2 protein chains.
Amino acid sequence: MVAYTASALKAELNERGWRLTPQRETILRTFQNLPEGNHLSAEDLCDLLDKAGDPISLSTIYRTLKLMARMGILRELELSESQKRYEINQPAPHHHHHLICVRCTKTIEFKNDAVLKAGAKTAIRSGYHLLDCQLLIQGICPNCQRSLIPV
Amino acid sequence: MVAYTASALKAELNERGWRLTPQRETILRTFQNLPEGNHLSAEDLCDLLDKAGDPISLSTIYRTLKLMARMGILRELELSESQKRYEINQPAPHHHHHLICVRCTKTIEFKNDAVLKAGAKTAIRSGYHLLDCQLLIQGICPNCQRSLIPV
DNA sequence: TTAAGTGCAAAAACTTTGCATATTT
DNA sequence: AAATATGCAAAGTTTTTGCACTTAA
């Protein structure tokens, strides 16, 4: 589990005149407790919190996801669906990548250190502060190759 | 320019019981004539065709973009905006990657052969037919690092 | 001829915004 | 106390779908 605590979040927020609220804390905690490799859309998260008896409005969720992605706390993933999905942004060495079938959207996660290194180098060379590095590979999975008339 | 002709498209479509239509041909040609590095959203394409005096309905455009992405003819890019964008899918060695600022969405394109090789290897190992391989790096650009209270 | 494709308009899905109220600092 | 954050409802965007008509094979 990652060592990003609520008080670290508070410190970072306050530094810019922003505030720590129960909602932000709940959302951070939710992502931290999510099993590795899971990722939630805004709506997923909203439903999850509803069911957990700790509801947060969809608009706050959207605002918070965007905020935390811009702070580097969440990774924003765009798999082939049209919704964005989020997961906690662990330190770079933990970043994983995705191999996706463009027909059935079957997705495989994998890691690759060489890719991460290349990404970090590129970011640094351009003076960017690196937040996330994801390789997105699209292809046709073995199953879909067999069926001649796919979607 | 790439060697994917209308008749190659026709052959591939017919193989699956699909058809070559003037709209599909126009859309293919439009992407082939697009300067390298450009990419269009569905709406961009619609406007472009309108202005060119050869309009195609938005729904057909959406249907065609999805179709061609699934055939591997177009690359589907998800930069940080919420619209998907498309460009012609040149052979793998021409694939380029993106370094994006999460605050201002400033985007830098770059190439990296090692990343492409790693991607191809991963796809093959899982039996996927490789269509596209893109590295997406998110970070904070030098400018936005300087401004303490960004969006 | 007939099954697939198009365009239109309507619906659905996803995201953002204005504003009154509540909360953090 | 002052400024930020929330929730709601409404609006804005982007994408999908149903259907009658057209067209490629």
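Proteins come first, then strands; the chains are lettered A, B, ... in the order of their sequence lines, and each starts at number 1. Not measured: the values here are computed from a predicted model.
Distance CD1 (B/I61) to P (C/dG5): 16 Å, rounded to an integer number of Å. In this structure, the CG atom of A/L40 is 14 Å from the P atom of C/dC14, given to the nearest Å. At whole-Å resolution of the value, CD in A/E25 and P in C/dT25 are 10 Å apart. Here the P atom of nucleotide C/dT24 and the CG atom of A/L13 are 13 Å apart, to the nearest Å. In this structure, the CD atom of A/E78 is 13 Å from the P atom of C/dC14, given to the nearest Å. Atoms CD1 (B/I56) and C1' (C/dC8) sit 15 Å apart, rounded to a whole Å.
Surrounding NZ of A/K111 are more than 12 heavy atoms belonging to other residues, nucleotides or ligands, all under 6.0 Å away.
Heavy-atom nearest nucleotides on DNA chain D were determined for B/E43 and for B/N14, and the one closer to the 5' end corresponds to B/E43.
Checking D/dG7, D/dA25, C/dT6 against every side-chain atom of B/K10, the shortest atom distance belongs to D/dA25.
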(request) With side chain to side chain donor-acceptor pair (under 3.5 Å) as the test, would you mind laying out the steps for B/H98 and B/E78 before giving the verdict? (result) CA-CA 10 Å; B/H98 296 94; B/E78 304 248 19; over 6 Å; no

(request) For B/E12 and B/Y4, run side chain to side chain donor-acceptor pair (under 3.5 Å): C-alpha distance rounded to whole Å, both residues' side-chain angles, the deciding distance at 0.1 Å, then the answer. (result) CA-CA 11 Å; B/E12 262 197 71; B/Y4 196 77; 2.7 Å; yes

(request) Assess whether side-chain contact (heavy atoms from CB on, under 4.5 Å) is satisfied between A/D132 and B/I137, documenting all intermediate values. (result) CA-CA 6 Å; A/D132 187 19; B/I137 304 177; over 6 Å; no

Heteroatom pairs (N/O) under 3.5 angstrom, protein to nucleotides 16-23 of chain C:
from	atom 1	to	atom 2	distance (Å)
C/dT16	OP1	A/K66	NZ	2.5

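When each of A/H94, A/E76, A/H95 is paired with A/N89, the side chain to side chain donor-acceptor pair (under 3.5 Å) condition holds for A/H95 and for no other.
The side chain of B/Q23 places an N or O atom within less than 4.0 Å of a non-bridging phosphate oxygen (OP1 or OP2) of C/dG7.
In this structure, A/L13 and A/R24 have side chains that are in contact, with non-hydrogen atoms separated by less than 4.5 Å.
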